There are 2 protein chains.
Amino acid sequence: MFSIGQLSQASGVKVPTIRYYEEIGLLACDGRSAGNQRRYTAAGRDRLRFIAHGRALGLSLDAIRALLDLSDRERAPCRQAHAIAESHLADIRDRIARLQRLEQELERITNACDHDGAPCRLLEALADHGQCASAH
Amino acid sequence: MFSIGQLSQASGVKVPTIRYYEEIGLLACDGRSAGNQRRYTAAGRDRLRFIAHGRALGLSLDAIRALLDLSDRERAPCRQAHAIAESHLADIRDRIARLQRLEQELERITNACDHDGAPCRLLEALADHGQCASAH
DNA sequence: CCTTGAACCTCTAGTCACTAGAGAGATTAA
DNA sequence: TTAATCTCTCTAGTGACTAGAGGTTCAAGG
């Protein structure tokens, strides 16, 4: 059995975060010590690692909860798991595309002023959405 | 003078959000009607547009506040404005790079299962950070 | 067995940038 | 005047934590 601190070490998830996951029903502990401290089994540790990895991959706790529910039911249902992962992948690609458009606009805006003594045009450029080449 | 609803129309910012900006000291109204409703001048509208555009570019409200403070002081100080914009640009580039690494890992993970009747390996792949090619 | 210090407990409140809703009052057009 | 729409303040909720107060339990050394 692991203490919450050991679980934290083993997963890289901070102690208050583990308690938070319990509070929202994502990760129950596997019992308590005589003095009311949380105790976990290896299964709990693995579940937390799954959660941590999902978070590192950018999944929401809701998506992770759905995946955990799937794997709790005997044979892992391939189709739904893929649907969740692929919808997240689509979301990431969308975010990348939007960030790249922002990058271009901000480059354009910071280049609007050439630093050579003329009044700075950066704030003007920031103010004026009409100057932007693409939507954002 | 504009009502809050007109300002909302002119800027694309929702009415409660405008009140929220006032609450945090980002945008004061330019007076009140006899019946205590907020009234704004064209300057207020422009300030809100600046905020809205900054938000659309992904700037935090704190960064926007700093830029507004700069432009409130007579001549726009070029150096500081650039510093803010460029630090944000660096942040965006960093986020793009991280999202691209995530994209690759998720692609690899979703390809771990080929759907052809064998047990699904997706959940396994998601569980095991050790399989990942790069950090995330 | 006793002490010490680290780890643990619960609870409340704060973060960011809003969003939702209740219940009351103001404005505007017909 | 009346009806419809807008606006007011206030409270509370979102996601995913983080911080802190004030108290209790555990494990190791003596």
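Chain A is the first sequence line, chain B the second, and so forth, proteins listed ahead of strands; every chain is numbered from 1. Because the structure is a prediction, the values reported are computed rather than measured. Heavy-atom basis, side chains included; hydrogens, waters and symmetry copies ignored.
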Q) Considering residues at least two apart in sequence or located in another chain, which fulfil the salt bridge (charged side-chain N to carboxylate O under 4.0 Å, His left out) criterion with R47(A)? A)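 By the salt bridge (charged side-chain N to carboxylate O under 4.0 Å, His left out) rule, R47(A) matches D72(A).
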Under-4.0 Å side-chain N/O to phosphate OP1/OP2 contact, [X] with [N]:
X: R19(B); N: dC8(D); answer: yes
X: R32(A); N: dT10(C); answer: yes
X: R38(B); N: dC8(D); answer: yes

Does the distance from a Lys or Arg side-chain N to an Asp or Glu carboxylate O, for R93(B) and E107(A), drop under 4.0 Å?
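Looking at E107(A) together with R93(B), the answer is yes, because their closest N to O distance falls below 4.0 Å.
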Which whole-number value in Å describes the distance from [X] [atom1] to [N] [atom2]?
X: Q6(A); N: dA6(C); atom1: CD; atom2: P; answer: 17 Å
X: F2(B); N: dT27(C); atom1: CZ; atom2: P; answer: 18 Å
X: Y40(B); N: dC6(D); atom1: OH; atom2: C1'; answer: 14 Å
X: L27(A); N: dA16(D); atom1: CG; atom2: C1'; answer: 15 Å
X: I18(B); N: dA17(C); atom1: CD1; atom2: C1'; answer: 15 Å
X: E22(A); N: dC11(C); atom1: CD; atom2: P; answer: 12 Å
X: L26(A); N: dG15(D); atom1: CG; atom2: P; answer: 13 Å
X: I4(B); N: dA26(C); atom1: CD1; atom2: C1'; answer: 14 Å

Are the side chain of S11(A) and the backbone N or O of L48(A) linked by a donor-acceptor pair below 3.5 Å?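 A pair under 3.5 Å: no.
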Is a side-chain N or O of H88(B) found less than 3.5 angstrom from the main chain of L57(B), in a donor-acceptor match?
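Yes, because the side chain of H88(B) sits within donor-acceptor range (under 3.5 Å) of the backbone of L57(B).
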Next on the checklist: Taking side chain to side chain contact (heavy atoms under 4.5 Å, CB included) as the definition, give me every residue that meets it alongside S60(B), ordered by chain and number, with sequence neighbours left out.
Outcome noted: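 So S60(B) forms a side chain to side chain contact (heavy atoms under 4.5 Å, CB included) with D62(B), A63(B).
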Hey, can you pull the donor-acceptor pairs under 3.5 Å for the side chains in residues 20-27 of chain A, sequence neighbours left out?
residue	atom	partner	partner atom	Å
E22(A)	OE1	R38(A)	NE	2.8

query: Within a reach of under 6.0 Å around CD of Q6(B), are more than 12 heavy atoms found that belong to other residues, nucleotides or ligands?
result: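 Yes, CD of Q6(B) has more than 12 neighbouring heavy atoms, counting only those of other groups under 6.0 Å.
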(Q) With rounding to the nearest 0.5 angstrom, report the CG to CZ distance, L68(A) to R65(A). (A)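 Separation between the atoms: 9.0 Å.
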Gap between atom CG of L102(B) and atom CG of L89(A) - 0.5 Å precision: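 It is 10.0 Å, given to the nearest 0.5 Å.
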Go through residues 42-61 of chain A and report each residue with a non-hydrogen atom lying under 4.0 Å from DNA chain C, sorted by number.
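By residue number: none to list.
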- Task: Looking only at non-hydrogen atoms, find the nearest pair between Q80(B) and L70(B) and report the distance.
- Result: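 Nearest pair, atom of Q80(B) first, then L70(B): CB-CD1, 3.7 Å.
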Problem - Shortest non-hydrogen contact from T110(A) toward H82(B) - result: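 Between these two residues, the closest heavy atoms are O-CE1, 3.1 Å.
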S3(A) or Y21(B), whichever maps to the more 5' nucleotide of DNA chain C
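Looking at the nearest nucleotide for each, S3(A) comes out on the 5' side.
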Provide a list of protein-nucleic acid N or O atom pairs under 3.5 angstrom, restricted to nucleotides 22-26 of chain D.
residue	atom	partner	partner atom	Å
dC26(D)	OP1	S33(A)	OG	2.8
dC26(D)	OP1	G35(A)	N	2.7

Listing time: all N or O pairs from protein to nucleotides 18-20 of chain D that are below 3.5 Å?
residue	atom	partner	partner atom	Å
dT18(D)	OP2	T17(A)	OG1	3.0

#### Entry: Derivation and outcome, salt bridge (charged side-chain N to carboxylate O under 4.0 Å, His left out), residues D94(B) and R98(B)
CA-CA 6 Å; D94(B) 192 59; R98(B) 272 186 290 123; 3.3 Å; yes
